[in-house]
Amino acid sequence: MKVLAIETSCDETAAAVVDASTRNVLGQAVYSQYKEHAPYGGVVPELASRAHLERLPALTAEALKQSGLHPCQLDAVAATTGPGLTTALAIGSTFAKTMAVALDKPFVATNHIEAHALTPHLINPSLTFPYLLLLVSGGHCQLIQVENVGVYHLLGTTLDDAVGECFDKVGKLLNLPHPAGPAIEQLAKQGNPQAIALPMPKNDKSLDFSFAGLKTAVRDILAKSTVAGAAAQRADGTAPVHVAPADLAASFQHTVSTILTKKCRLAIEHLAQKGQKPSHLVAAGGVAANLTIRAGLQTMAEAQGVTFTAPPLSLCTDNAVMIAYTAGLRQLAGLPNEGLTARPRPRWPLDLTPTA
Ligand code: KG4
Ligand code: ZN
């Protein structure tokens, strides 16, 4: 099952060719639009769409060239059709649909979250269904029991900000470039994770997440400190408190890691009580690239007798390999697909059944 896929849901333009039957990545090319969006401190949908349009033809040609396949040898063409920025999704899916029609191949409309959820399966042949997934990205923070391709149970979700969004907002407060996750991780290396006490969410037993309070706490600390220029001036005129940005970054990252680790432990315990203890804990999505978070999850999982796994860093952030693999698995499983009638969906939750 050889699939060419296009990913344009946000600010990465990507194309890939994957053989889903053999789990072989045959070709891949990604362009990250940091330069386009940097001056604005966030992703500008119109600029993202234009950059996708400009870059897609060359990236697709590159992925196909690496694969050594003639387009006629493909079994299907896929694209992310949601969730994401509507105009950005429209560019990638229209491009892929046009190729599918021209080549007379099926078009597979693919869910971006499902692709993050299934990527660990591509790189780890020993990973079997079901597994417990922590999906942590710019738009999501969810605990999902992955039963099989197409069968997902939601255990917990964020009640406010996604964890990547929280990294990005805290990074903005620290004047770091967008997306700020990698920059916070870099800065945190020089800081003390115990330097600043930050609040933990109160509801200990819930599997849901909340990050808005943490972000506000960082903002309040900065407002009373001498870092970050004007934002750091004390409103009440009393002597500013000095907070080293590296200490704040390290303390923030440590707190996020503690929250994520604790929720995953609760989810493992919750499933174990139901006689469904998972053999594997999997982390996926952009924030799963964070090595402190990975290390925290790994240590906790080992203590619980659960194997921890996460995709390589390049497959944690957005890419088309995960889209091609997911589309291929769905085709192999004979699952239904909207095909050419699919429209871009800014929101597209997996077919989730709350079970917690
Ligand atoms: O999965 P992804 O590439 O795109 C979405 O589907 O959202 O995730 C992007 C998010 C951004 O918020 C980015 O700041 C965060 O992942 N991120 C990180 C790291 N690398 C990317 N957060 C923390 N540490 C990192 N190393
Ligand atoms: Zn993503």
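The chain is numbered in sequence order, starting from 1. Just so you know, ligand 1 is whichever comes first in the structure, and atom 1 is the first atom listed for that ligand.
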>> Working note: Tyr31 + His52, criterion ring pair (Phe, Tyr, Trp, His ring centres under 6.0 Å); need CA distance, chi angles, decisive distance, verdict.
In response: CA-CA 9 Å; Tyr31 175 71; His52 288 316; 9.1 Å; no

>> As a quick check of understanding, evaluate salt bridge (charged side-chain N to carboxylate O under 4.0 Å, His left out) for Arg50 and Glu46, giving each step before the final call.
In response: CA-CA 6 Å; Arg50 277 192 220 175; Glu46 180 55 26; 3.3 Å; yes

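The protein non-hydrogen atom at the shortest distance from atom 2 (P) of ligand 1 is Asp318 OD1, 3.3 Å. Looking only at protein heavy atoms, the nearest one to atom 26 (N) of ligand 1 is Glu185 OE1, 2.7 Å.
Those atoms of ligand 1 that come under 4.0 Å of a heavy atom in His112, given as number and element, are 6 (O). If you number the atoms of ligand 1 from 1 as listed, the ones under 4.0 Å from a heavy atom of Pro182 come out as 19 (C), 20 (N), 21 (C), 25 (C), 26 (N). Atom numbering of ligand 1 starts at 1 in the shown order; those under 4.0 Å from a heavy atom of Thr317 are 3 (O). Taking a cut-off of under 4.0 Å to the non-hydrogen atoms of Val287, the atoms of ligand 1 that pass are 15 (C), 16 (O), 18 (C), 22 (N). Close approach of ligand 1 to Gly139 is summarised as follows: ligand atoms under 4.0 Å from at least one heavy atom of the residue are 7 (O). Ligand 1 places these atoms under 4.0 Å from at least one heavy atom of His116: 1 (O), 6 (O).
Under the 30°/60° scheme for interplanar angles, the aromatic rings of His116 and His112 are found to stand perpendicular. The aromatic rings of Phe129 and His121 lie parallel to each other, their planes meeting at an angle below 30°, with 60° marking the opposite boundary.
Between Asn290 and ligand 1, at least one pair of N/O atoms sits closer than 3.5 Å. Looking at Gly181 next to ligand 1, an N or O pair under 3.5 Å apart turns up. Distances between N or O atoms of Asp168 and those of ligand 1 include at least one value under 3.5 Å.
The closest side-chain donor-acceptor pair between Tyr131 and Gln145, if any, does not fall under 3.5 angstrom. Between the side chains of Thr13 and Gln33, at least one donor N or O sits under 3.5 Å from an acceptor N or O. Side chain to side chain, Gln253 and Asn290 meet the donor-acceptor criterion of an N or O pair below 3.5 Å. Side-chain contact annotation: Asp208 with Thr157, donor-acceptor N/O pair under 3.5 Å absent.
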Mind listing the side-chain donor-acceptor pairs of residues 79-86 below 3.5 Å, one per line with the distance, residues two or more places apart or on another chain?
{"residue": "Thr80", "atom": "OG1", "partner": "Glu7", "partner atom": "OE1", "Å": "2.5"}

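With a 4.5 Å cut-off on side-chain heavy atoms, Pro106 and Gln331 count as touching.
Remark: the backbone N or O of Gln28 is paired with a side-chain donor or acceptor of Gln66 at under 3.5 angstrom.
Taking 4.0 Å as the cut-off between side-chain N and carboxylate O, Lys169 and Glu165 count as a salt-bridged pair.
For atom 9 (C) of ligand 1, the candidate residues are Gly164, Gly138, Ser9; the nearest heavy-atom contact is made by Gly138. The closest heavy-atom contact to atom 8 (O) of ligand 1, among the options Gly286, Ala288, Cys316, Ala115, comes from Gly286.
Neighbouring protein atoms of the Zn ion (ligand 2) (N, O or S, distance under 2.8 Å, waters ignored): His112 NE2, His116 NE2, Asp318 OD1.
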